[in-house]
Amino acid sequence: MVKTAVLVSGGGTNLQALIDANIFGELKNCELAAVISSNPDAYALTRAERAGIPSYVVDISIFPNRASFCDALLKKLQDLDIELVVLAGFLYVLTPAFVKEFPNRMINIHPALIPSFCGDGYYGIHVHEKALEYGVKISGATAHFVTTATDSGPIILQKAVEVEENDTPKTLQQRIMEKAEWIILPKAVSLFCEGRLEVNGRVVHIKEAENEN
Ligand code: GAR
């Protein structure tokens, strides 16, 4: 089983998708070993508690800078012997020193079709505001490995979602979560834990599942 930590900052609906997939046996070879929140008031912590997953707070507001916050986060992950880190609605950019500790072992879910509407400043509802401002007719979500450049790592899975005529940032966000994020994030995590992802430069190849018979 791959010891997995989920990093969160807010509501935790993507964490819930992972918890639910695990209950239905869809997260193969994955142990949801810890939830770590950057925010002590995140509802994601309640979801972790209800699912019986040990949860921890590394409160970003008490650290003088991003480097010291990331150092504390890294120490926690190392103490727990975490092998895979999942950023599920984790809204802070991690330092290069942190990212380098998990080469192709950290997965992020981004609420747009990368390389559109991504990079610094594109997080949460802002992504959907920008997509609507631009007037795109299709958006979606991307599950990708994390590298030192924001939202630029090798893409594991993507799913497109249509923009509707009267969409607001909120309605678009909700549809993208339901129809894309909550589906591809658990799939990407399972593929990783099953050892089915092969990274070749920036291209991720998905290997066939081994015959279970
Ligand atoms: C999700 O839409 C996630 O894709 C996004 O924040 C939301 C958090 O929701 N993440 C980013 O924008 C990262 N760049 P959740 O807490 O309910 O999972």
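One-based numbering, in listed order, for ligands and for the atoms of each.
The shortest N or O to N or O distance between Leu15 and ligand 1 is not below 3.5 Å. Polar contact with ligand 1: absent for Tyr123 (N/O pair, distance under 3.5 Å). Of the N or O atoms in Gly124, one or more lie within a sub-3.5 Å distance of an N or O in ligand 1. Considering backbone and side-chain atoms together, Asn108 places no N or O closer than 3.5 Å to any N or O of ligand 1.
The line from CD of Glu162 to CD1 of Ile176 is 11.5 Å long, rounded to the nearest 0.5 Å.
Scanning both residues, Leu80 and Ala34, for their nearest heavy atoms gives CD1-CB, 3.8 Å. Across Leu18 and Pro186, no two heavy atoms sit closer than the pair CD2-CA, 3.7 Å.
Atom 16 (O) of ligand 1 has its closest protein heavy atom at Gly12 N, 2.8 Å. Ranking the protein heavy atoms by distance from atom 14 (N) of ligand 1 puts His110 ND1, 3.4 Å first. In terms of protein heavy atoms, atom 8 (C) of ligand 1 is closest to Gly89 CA, 3.6 Å.
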Can you give each donor-acceptor pair under 3.5 Å made by side-chain atoms of residues 72-79, sequence neighbours left out, with the distance rounded to 0.1 Å?
residue: Lys75; atom: NZ; partner: Asp79; partner atom: OD1; Å: 3.3
residue: Lys75; atom: NZ; partner: Asp79; partner atom: OD2; Å: 3.1

Quick one: side chains of residues 124-133, donor-acceptor pairs under 3.5 Å with protein atoms, not counting sequence neighbours, listed by atom name and distance.
residue: His126; atom: ND1; partner: Glu129; partner atom: OE1; Å: 3.3

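For Val8, no heavy-atom contact with ligand 1 is shorter than 4.0 Å.
Residue-ligand proximity, Tyr122 to ligand 1, at heavy-atom distances under 4.0 Å covers atoms 14 (N).
Checking Glu181, Gln173, His126 against atom 4 (O) of ligand 1, the nearest heavy atom belongs to Glu181. Nearest to atom 7 (C) of ligand 1 by heavy-atom distance, out of Gln174, Arg47, Met177, Gln16, is Met177. Nearest-residue assignment for atom 10 (N) of ligand 1 (options Asp151, Asp120, Leu91; heavy-atom criterion): Leu91.
Considering only heavy atoms from C-beta on, Cys193 comes within 4.5 Å of Thr4 through its side chain.
Phe69 and Phe90 have parallel rings, their planes meeting at less than 30° on a 0 to 90° scale where 60° marks the start of perpendicular.
Using a 4.5 Å cut-off between side-chain heavy atoms of Ile, Leu, Val, Met, Phe, Trp and Tyr, with links allowed through other members, Trp182 and Ile114 fall into different hydrophobic clusters.
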